Amino acid sequence: MEKFFKDFPKIIYEGPRSKNPLSFKYYNPEEVILGKAMKDHLRFAVAFWHTIRNEGTDPFGLPVMDRPWMKYSDVMDQSFAKIDAVFEFCEKLGVEYFTFHDRDIAPEGEKPRKSNEILDKVVDHIKEHMKSSNVKLLWGTANLTAHPRYAQGAATSPDANVFAYAAAQVKKAMEVTKKLGGLGYVFWGGREGYETLLNTDMELELNNYARFLKMASEYAKKIGFKGILMIEPKPKEPTKHQYDFDSAHVLGFLKIHGLWDDFKLNIEANHATLAGHTFSHELRFARIHGKLASIDANQGDLLLGWDTDQFPINIYETSLAMYEVLKSGGLDCGLNFDAKVRRSSYDLEDLFYAHIAAMDAFAVGLKVAARLLEDGVLEEFLRERYSSYSNGVGKDIVEGRIDFEGLEKYVLDKPSNFKPNSGKQEYLERVINDYLLSVE
Ligand code: XUL
Ligand code: CO
């Protein structure tokens, strides 16, 4: 039954020439690209916390968004209404997945036992919707940042009681994610970090974080959860230094602590920017290590040093991102719009415009990336650029057949003024623009 979005049509593909702002110009869900439907390449998800729960508060202002599902005085009625809203919104938009934190969908009770009971009621309501809907859960997670007990971290809190509260919360969140058929479960180290080393036992905190993650992974196996466990890197915010800084950092951490086989990565574009990387850098690093599982699709603002979580519309970035996704053989989960409309975009229709623009931006990205791959332009260039490693001394290096002495012998009587071929960056940048400008 339509409750909140009655005034909106079902959003459909109308092609690039359509003037209808409530239609897709490029996202054509059933269109087959490289043997797979667009919707299956992309697996878009609506993020509950931004799209349903966010009312536009910021440190300087009150709620400004008129969200009819937030207007219920009874807290359970409101929780059910929020679920009704997410299903209705996804169905109208033609998005098949959503993501949530435990405390997005259900309020906390006075004891963890009570919180679990409340959560179960809401999860049952979700299950009811799922019986008659195509909408599914991409991944679930726990909110280990909002409550005051987590003010100094959760798994890395200085207080073991907090570690226990966090463990109980994640245990339950994993159970409900399994119950709802989630494709994955995300660990974002919300306050797992520090403000000052003066009061921080970094060694204990890092070891505790690893202990926590190991317990989580063991529990997932114990309950037969088949989804992917993922860590979502972020360098800072809310803490000054977050332990899950970036892909390289997290993968090193997994290796050091014997967790390599237990986790993959959920890469967020804006977190890459905060770490001083491009989005594609983070995706590439994850991909070449076989760890690219999912994406939080958003974008930051290069002029602002915080996590602005804007809807992704930069087609240059989405194209290079989808290139990494295709090279990776696809995502285990999908593209979650961890993105919010600006505070001044408070109409319900702004939620549609934002998602439509982002879905079209990734559809363009997918098309461009598929053509780049089909034509093999970048791959051919790389093959050529690194060709000296396919034979002669290069092959000996790669295959471990030569040492420093052999290499010295190889160069000793060669001319000193050797330099490799041009890197041709501008040529390649133009190639990418040509592909972007000819997308159909
Ligand atoms: C915070 C962030 C989170 C995670 C899930 O920056 O990205 O919302 O995606 O906890
Ligand atoms: Co995120």
Side-chain angles (χ1 to χ4, degrees), residues 43-54 57-59 86 97-106 137-147 150 153-156 166 169-170 172-174 176-177 182-193 209 212-213 216 227-247 249-250 263-275 277 279 282-283 286 292-301 304-312 321 331-341 358 362:
R43 286 210 204 107
F44 291 127
V46 166
F48 201 95
W49 54 100
H50 286 312
T51 291
I52 303 300
R53 222 199 48 207
N54 173 35
T57 43
D58 72 8
V86 80
Y97 294 89
F98 70 105
T99 53
F100 68 77
H101 299 79
D102 51 358
R103 300 298 177 252
D104 293 328
I105 58 169
L137 180 64
L138 191 72
W139 50 257
T141 187
N143 181 329
L144 302 179
T145 57
H147 194 279
Y150 299 127
T156 64
Q169 206 179 314
V170 168
K172 181 69 184 173
M174 288 173 105
V176 304
T177 299
L183 300 184
Y185 185 92
V186 164
F187 294 81
W188 164 59
R191 291 185 195 275
E192 315 296 17
Y209 196 19
F212 190 91
L213 291 171
I228 303 283
L229 303 185
M230 295 169 280
I231 296 181
E232 181 179 322
K234 184 175 184 182
K236 55 188 166 192
E237 195 201 303
T239 68
K240 182 170 96 174
H241 181 98
Q242 299 266 137
Y243 290 136
D244 46 14
F245 196 95
D246 63 2
S247 300
H249 219 94
V250 171
F263 294 89
K264 286 185 165 186
L265 300 177
N266 178 40
I267 301 294
E268 176 163 329
N270 203 164
H271 296 179
T273 326
L274 294 180
H277 300 308
F279 184 22
E282 285 294 85
L283 296 170
L292 177 55
S294 204
I295 288 179
D296 268 11
N298 62 9
Q299 71 182 48
D301 186 319
L304 302 175
W306 63 89
D307 201 12
T308 58
D309 282 344
Q310 285 159 243
F311 275 86
L331 297 168
D332 298 285
C333 287
L335 291 163
N336 169 45
F337 290 123
D338 191 357
K340 58 185 177 216
V341 288
F362 268 97

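Please read these numbers as outputs of a predicted model, since none were measured by experiment. Numbers here simply count residues along the sequence, with the first being 1. In listed order, ligands and their atoms are each counted from 1.
The minimum heavy-atom distance between Thr308 and Asp301, with the atom names listed, is OG1-N, 3.4 Å. Summarising the geometry of Phe362 relative to Pro312, their closest heavy-atom pair is CE1-CG, 3.6 Å, with the distance given to 0.1 Å. When all heavy atoms are compared, the tightest approach of Ser294 to Cys333 is OG-CB, 3.0 Å. In this structure, Glu282 and Ile267 approach most closely via the heavy-atom pair CB-CG2, 3.6 Å.
The aromatic rings of Phe98 and Phe48 sit tilted, their planes meeting at an angle between 30° and 60°. Taking the six-membered ring for Trp and thresholds of 30 and 60 degrees, Phe337 and Phe44 have nearly parallel ring planes, at less than 30 degrees apart.
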For ligand 1, what N or O to protein N or O distances fall under 3.5 Å?
{"unit_1": "ligand 1", "atom_1": "6 (O)", "unit_2": "Lys234", "atom_2": "NZ", "d": "2.9"}
{"unit_1": "ligand 1", "atom_1": "6 (O)", "unit_2": "His271", "atom_2": "NE2", "d": "3.0"}
{"unit_1": "ligand 1", "atom_1": "6 (O)", "unit_2": "Asp307", "atom_2": "OD2", "d": "2.9"}
{"unit_1": "ligand 1", "atom_1": "7 (O)", "unit_2": "Glu232", "atom_2": "OE2", "d": "2.7"}
{"unit_1": "ligand 1", "atom_1": "7 (O)", "unit_2": "Glu268", "atom_2": "OE1", "d": "2.8"}
{"unit_1": "ligand 1", "atom_1": "7 (O)", "unit_2": "His271", "atom_2": "NE2", "d": "3.3"}
{"unit_1": "ligand 1", "atom_1": "7 (O)", "unit_2": "Asp338", "atom_2": "OD2", "d": "2.7"}
{"unit_1": "ligand 1", "atom_1": "8 (O)", "unit_2": "Trp49", "atom_2": "NE1", "d": "3.4"}
{"unit_1": "ligand 1", "atom_1": "8 (O)", "unit_2": "Asp338", "atom_2": "OD2", "d": "3.4"}
{"unit_1": "ligand 1", "atom_1": "9 (O)", "unit_2": "Glu232", "atom_2": "OE1", "d": "2.7"}
{"unit_1": "ligand 1", "atom_1": "9 (O)", "unit_2": "Glu232", "atom_2": "OE2", "d": "2.9"}
{"unit_1": "ligand 1", "atom_1": "9 (O)", "unit_2": "Asp296", "atom_2": "OD2", "d": "2.8"}
{"unit_1": "ligand 1", "atom_1": "9 (O)", "unit_2": "Asp338", "atom_2": "OD2", "d": "3.0"}
{"unit_1": "ligand 1", "atom_1": "10 (O)", "unit_2": "His101", "atom_2": "NE2", "d": "2.7"}

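For the residue pair His271/Asp307, the side-chain donor-acceptor check at 3.5 Å is satisfied.
Applying the side chain to side chain contact (heavy atoms under 4.5 Å, CB included) test between Trp49 and each of Ile105, Asn54, Asp309, Thr99 identifies Thr99 as the sole match.
Only protein N, O or S atoms were considered, and those under 2.8 Å from the Co ion (ligand 2) are Glu232 OE2, Glu268 OE1, Asp296 OD2, Asp338 OD2.
Taken to the nearest 0.5 Å, the CD atom of Glu192 stands 9.0 Å off from the OH atom of Tyr243.
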